[in-house]
Amino acid sequence: MIVLWAIASWHRLRTLDEAVIGSDSLGPYLQAWAAHQGHLPRPPNPESGDALWFTAWPFVALSNNLESLFQLRFIAGALIAPIGFLAAWAWTSQNASPIRRWAGAIATGVFLTFDTGLVDTLISGARSYGAPELTGMAMLFLAYALRGVRWAPTAAVCSFILAIGHHPLAAGISLGLLPLLPTLRTQVGDRALKAAAIAGTLLATPRLLRVGSIAMCGEGPIQCLRQVAQSNVSQETSLYSTLEVALHDRWWVDLGDSGIMLLSGVVAIAMCKNPRHRLVAWVTVAATCGVLCFGAATGYIRSYHLRILAVPVAVAAGMGLARLWPLAIVAATLFTYQLQPELPVGPDKGATKRIDNIAQQIPSGPTWVDRVWWNGPSKTDSSAVVLSSLLSGRSDFVLDAQAPFVLLTSGEGPSRSAHMQGEGWSVLLFDSSREARSWLDMQAVVPHQVGGAYDWATIVNPDTTLEDAHW
């Protein structure tokens with residue numbers, strides 16, 4: 001397991017320079033910082049839950065800049081490989097031969113180690129967040145519950161609720177739990193299941209209240225939820241086309257030819273004589289149908305939503321291929337050969353180092369940091385610079401009209417003597433926000449976007465309003 005984790009960590013850290021810096025990827029860490037300072041945090045976006053900032057807290061507490069923050073997140077994301085290994089081992093019958101159990105568990109771990117989609121999720125920082133890992137934990141605890149471990153149902157339900165907190169489409173996995181209920185009741189009894197239900201309800205209550213609030217927008221609950229889910233959809237597409245693209249991109253773009261091996265393994269375990277083994281296939285299929293149905297109901301489903309199911313799929317595939325254990329070893333070898341060289345590429349290579357460098361170079365003392373985005377890809381982010389500085393121990397950022405003003409620019413805009421600059425970005429210094437505004441108003445170029453300080457200002461001072469951040 002440690003070897004798998006080490007290899008998975010190495011594979012993911014190779015893409016650290018590709019990490020995306022933006023509001024979606026930084027939101028959980030900004031709110032975790034607010035909690036770290038004793039403020040009451042809020043979910044980073046309407047559809048997420050408190051699990052996002054809560055699980056980001058350890059990374060914030062242990063980091064001293066953005067690069068170390070993402071290093072920790074990538075290493076934690078690599079835990080999905082040993083989680084899958086353990087889940088496959090636990091789901092395989094103890095009556096199976098040791099070599100079959102080892103082959104299935106190793107194949108599962110390898111599939112999760114080199115799954116290109118999971119690496120892309122870490123790079124993006126926001127495509128399903130940590131839902132795949134938490135779903136994997138739920139899958140592992142379910143295996144222990146089926147073995148009669150009485151605390152396991154509660155652990156599984158809590159992991160499941162946290163996964164939904166990372167992405168709401170993880171709720172579709174609940175459909176995959178239905179085939180397990182009769183067996184679970186036999187193995188652990190009603191008391192353990194009731195305890196799990198109570199714990200899950202308590203953990204989910206804040207999330208349910210927030211979803212209820214969103215559903216009461218006045219246009220009907222389903223339509224209100226659809227509006228939130230489709231808030232970043234630029235054009236309408238048919239449901240069939242949406243599902244087709246999501247399945248194609250997950251099984252063909254993410255996995256390439258190796259996706260056929262995984263599907264073959266799922267089919268193989270569905271045909272196994274052992275009823276406990278067949279359950280893995282039905283759980284995987286039902287959970288996939290559940291996620292697709294939830295996505296269809298909200299009108300928004302993408303390939304990265306299907307990555308939430310990475311562990312159930314890998315476990316079923318590993319166990320199925322291990323029915324003929326040499327086949328599992330061959331499949332794992334081919335999977336590694338095909339996908340290990342395939343590293344996802346982010347839109348702005350070296351963004352974390354650039355932001356950390358800017359954070360180190362801006363003048364000390366009370367400072368207002370903001371941004372103007374002229375055109376092209378975004379190369380700077382005021383919240384990212386402030387978060388990097390906060391992690392390194394600085395804490396003197398203010399929204400004060402009289403304070404020195406640091407203006408980050410992205411794109412090709414008007415020239416001015418810069419404190420720092422690079423290709424497509426610069427750092428400009430002004431004596432105050434008023435001076436910066438006067439300079440901006442004199443330019444002939446209309447920027448794509450102005451502002452961005454509100455996001456960091458609310459974690460420094462929760463009482464900040466949008467008007468406070470205007471300049």
Side-chain angles (χ1 to χ4, degrees), residues 51 80 83-84 86-88 90-92 108 111-112 115 117-118 121 127-146 152-153 155-184 193 196-197 200 204 242-243 246-247 249-251 254-255 259 262-272 275-298 300-320:
I80 197 169
I83 288 171
L86 286 173
W91 273 92
T92 304
T108 300
F111 296 154
L112 295 168
D115 186 328
L118 295 177
T121 288
R127 293 174 176 170
S128 74
Y129 293 104
E133 296 97 300
L134 290 164
T135 299
M137 292 296 296
M139 190 74 176
L140 172 60
F141 290 131
L142 282 172
Y144 285 121
L146 290 171
V157 169
C158 289
S159 298
F160 175 55
I161 297 300
L162 290 175
I164 297 174
H166 276 243
H167 202 288
L169 285 189
I173 297 172
S174 58
L175 190 62
L177 302 180
L178 297 180
L180 299 178
L181 290 179
T183 306
L184 285 174
L193 293 180
T242 300
L243 293 175
L247 289 166
D249 288 355
R250 173 55 183 153
W251 285 98
D254 279 359
L255 301 172
L262 298 189
L263 287 174
S264 300
V266 175
V267 172
I269 200 63
M271 299 171 64
C272 184
R276 187 68 56 83
H277 290 177
R278 290 198 301 271
L279 268 180
V280 178
W282 301 128
V283 167
T284 301
V285 171
T288 301
C289 291
V291 171
L292 291 173
C293 288
F294 270 65
T298 60
Y300 187 57
I301 181 75
R302 296 290 185 269
S303 62
Y304 48 84
H305 298 139
L306 298 178
R307 296 170 190 168
I308 297 171
L309 300 160
V311 173
V313 169
V315 168
M319 290 175 61

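Note that this is a predicted model, so its numbers are computed, not measured.
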Checklist entry - For L243, what residues pass the side-chain contact (heavy atoms from CB on, under 4.5 Å) criterion, not counting sequence neighbours? => result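 Applying side-chain contact (heavy atoms from CB on, under 4.5 Å) to L243 gives L239, L292, I301.
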
Next on the checklist: Taking side-chain contact (heavy atoms from CB on, under 4.5 Å) as the definition, give me every residue that meets it alongside L309, ordered by chain and number, with sequence neighbours left out.
Outcome noted: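 I173, A287, T288, V291, L306, V313.
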
Could you state the interatomic distance from [atom1] ([X]) to [atom2] ([Y]), rounded to the nearest 0.5 Å?
X: L142; Y: M137; atom1: CG; atom2: CE; result: 11.5 Å
X: F111; Y: L262; atom1: CZ; atom2: CG; result: 5.5 Å
X: L140; Y: T135; atom1: CG; atom2: OG1; result: 12.5 Å
X: M319; Y: T108; atom1: CE; atom2: OG1; result: 8.0 Å
X: D249; Y: Y304; atom1: CG; atom2: OH; result: 10.5 Å
X: F141; Y: I83; atom1: CZ; atom2: CD1; result: 8.5 Å

Sidechain-backbone polar pair: [X] side chain, [Y] backbone, donor-acceptor under 3.5 Å:
X: H166; Y: G130; answer: yes
X: W91; Y: M139; answer: yes
X: R307; Y: D254; answer: no
X: S159; Y: L134; answer: no

What pair of heavy atoms forms the shortest contact from [X] to [Y], and how long is it?
X: A156; Y: A138; answer: O-CB, 3.6 Å
X: G84; Y: V311; answer: CA-CG1, 4.3 Å
X: A281; Y: I269; answer: CB-CG2, 3.5 Å
X: V266; Y: A316; answer: CG2-CB, 4.0 Å
X: A51; Y: G165; answer: CB-CA, 4.0 Å
X: H305; Y: R302; answer: ND1-N, 2.8 Å

Next on the checklist: Would V283 and L177 count as a side-chain contact (heavy atoms from CB on, under 4.5 Å) here? Give the steps.
Outcome noted: CA-CA 6 Å; V283 167; L177 302 180; 5.7 Å; no

Next on the checklist: If you apply the rule side-chain contact (heavy atoms from CB on, under 4.5 Å), what do you find for L169 with Y300, and how did you get there?
Outcome noted: CA-CA 10 Å; L169 285 189; Y300 187 57; 5.9 Å; no

Item to check | Residues in salt bridge (Lys or Arg N to Asp or Glu O under 4.0 Å) contact with D115, at least two apart in sequence or another chain | outcome: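 D115 satisfies salt bridge (Lys or Arg N to Asp or Glu O under 4.0 Å) with R250 once adjacent residues are dropped.
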
Item to check | Contact check, side chains of F160 and S174, non-hydrogen atoms, under 4.5 Å | outcome: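 They are in contact (side-chain heavy atoms under 4.5 Å apart), so the answer is yes.
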
